[in-house]
Amino acid sequence: DKAGHRHYMSKEIAEQPDVLANALEYYAGDNEGGQMLEAGVDFSAFDRVVMVACGTASLACLVSKYWVEQIAQMPVDVDIASEFRYREAPLDARTLAVFVSQSGETADTLAALRYATGKAGKVVSVVNALESSIARESDLALPILAGPEIGVASTKAFTCQLAVLASLALQAGRQRGTIDPAQQRLLTDQLRQVPGQVAQALAIAPQIKAVSAQLARYDHVLFLGRGALYPLALEGALKLKEISYIHAEGYASGELKHGPIALIDEEMPVVVLAPHDGMFDKTVSNMQEVMARGGKIVMISDGPGLKDGGDGAWQKVEMPTIDGPFAAIAYAVPVQELAYFTAVEKGTDVDQPRNLAKSVTVE
Ligand code: M6R
């Protein structure tokens, strides 16, 4: 049931404010889920976190690395499961291993979990399907509460994974004493504002649609971001190639001059994710390097950001202004919609892109 939407993907994008509100109520609202986290994971018993997943789920892990390291001062290694499972990575009792999977059946992630079992101090999974192999075989399974996700391109599962991982980061900070009560309150408040910010981001769909009509004419697109927005740039590129078949790459803005800038010309638009945060000036200077070489910039920022850094951009998208470290969650919306509207414009099969399966149960 697509609930009046043309595709499951657009229905699932639109559901995000509701499912996120549920997930955050559960994990960050002092009730059942919060207690389950509290009872289930004691971050003070671990020295580091290893996170393993595939595809979009691995990008959720990468975003949360920024949060856990910053908020809980705890080192986080993120790995893709197909590499981790064969690498003989050292794990010990002071390592918390976290496996993230929407389906809970991804073969590589399951094999990685089995590798970690008995070596890591604790094996936690973050899953959408609680009745799944990955959930069953972990010491603690945390549901992301996104509801069924049908579109092959993961959307609401990604943002719900982020909501759960952000809640875990806050708990880690609390248990390790790296944030004081005032900071805890501020961060919890900021996290609870995410569903509203996502709703505001959904309201700017017409702007994204207009940009997508342009992007559909190109063969290559580059996505740039810094900090927690860097994994979002990777996610933007993954989504675009997955459903529109346009070649796209995501890079950390600061890596631009170490190679990819050689590709810049007017035939490769560059989407820049640039909230007006502490990294903004750096991102803008990377953007200017692109423009100086004839590159076309799609700048996705907020009002202050577009005012301070938007001069010369080819296309501009105005997001709401978001304070704090969780802005990356709302930036998932323009990233998902750019891919969605571009694919619709090109007429590709949005929900069932060629060569892809929803759940990758073979290696
Ligand atoms: O079910 P999982 O979360 O384990 O799936 C992992 C990836 O296969 C998945 O996220 C894939 O990258 C999506 N199609 C991305 O949209």
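Position 1 is the first residue of the sequence; numbering continues from there. Counting starts at 1 for both ligands and their atoms, in listed order. Because the structure is a prediction, the values reported are computed rather than measured.
In the model, E149 has a side-chain atom that pairs as donor or acceptor with a side-chain atom of S154 under 3.5 Å. Side chain to side chain, S244 and T342 fail the donor-acceptor criterion of an N or O pair below 3.5 Å. Looking only at atom types and distance, the side chain of Q315 has no donor-acceptor partner in the side chain of Q207 under 3.5 Å away. Judged purely by distance below 3.5 Å, without hydrogens or angles, the side chains of T361 and E105 never pair a donor atom with an acceptor atom.
The residues K296 and E267 are annotated as not salt-bridged, no charged nitrogen and carboxylate oxygen being separated by less than 4.0 angstrom.
Protein heavy atom in closest approach to atom 7 (C) of ligand 1: C54 O, 3.7 Å. Scanning the protein for heavy atoms near atom 1 (O) of ligand 1, the closest one is S103 OG, 2.7 Å. The protein heavy atom nearest to atom 15 (C) of ligand 1 is T56 OG1, 3.0 Å. Regarding atom 3 (O) of ligand 1, its nearest protein heavy-atom neighbour is Q102 N, 2.6 Å. At the top of the distance list for atom 8 (O) of ligand 1, counting protein heavy atoms only, stands V360 CG2, 4.1 Å. Scanning all protein heavy atoms for the shortest distance to atom 4 (O) of ligand 1 gives T106 OG1, 2.4 Å.
Inclusion of K358 in the set of residues having an N or O under 3.5 Å from an N or O of ligand 1 is not warranted. Inclusion of S154 in the set of residues having an N or O under 3.5 Å from an N or O of ligand 1 is warranted. Between Q161 and ligand 1, a contact under 3.5 Å exists for no N or O pair. Not a single N or O atom of A153, backbone or side chain, sits closer than 3.5 Å to an N or O atom of ligand 1.
At a 4.0 Å heavy-atom cut-off, ligand 1 touches K239 through the side chain alone. When non-hydrogen atoms are compared, ligand 1 lies under 4.0 Å from the side chain of E242 (C-beta onward) but not from its backbone.
Considering V126, N128, T56 in turn, N128 is the only one that fulfils the side-chain contact (heavy atoms from CB on, under 4.5 Å) rule with Q102.
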Q: Given salt bridge (charged side-chain N to carboxylate O under 4.0 Å, His left out), test D92 with K119 step by step and report yes or no.
A: CA-CA 5 Å; D92 58 30; K119 298 186 187 75; over 6 Å; no
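K241 contributes no side-chain N or O that, together with a main-chain N or O of H247, makes up a donor-acceptor pair within less than 3.5 Å.
Taking every heavy atom of A57 and a limit of under 4.0 angstrom, the matching atoms of ligand 1 come to 3 (O), 10 (O).
No side-chain heavy atom of H220 sits less than 4.5 Å from a side-chain heavy atom of I246.
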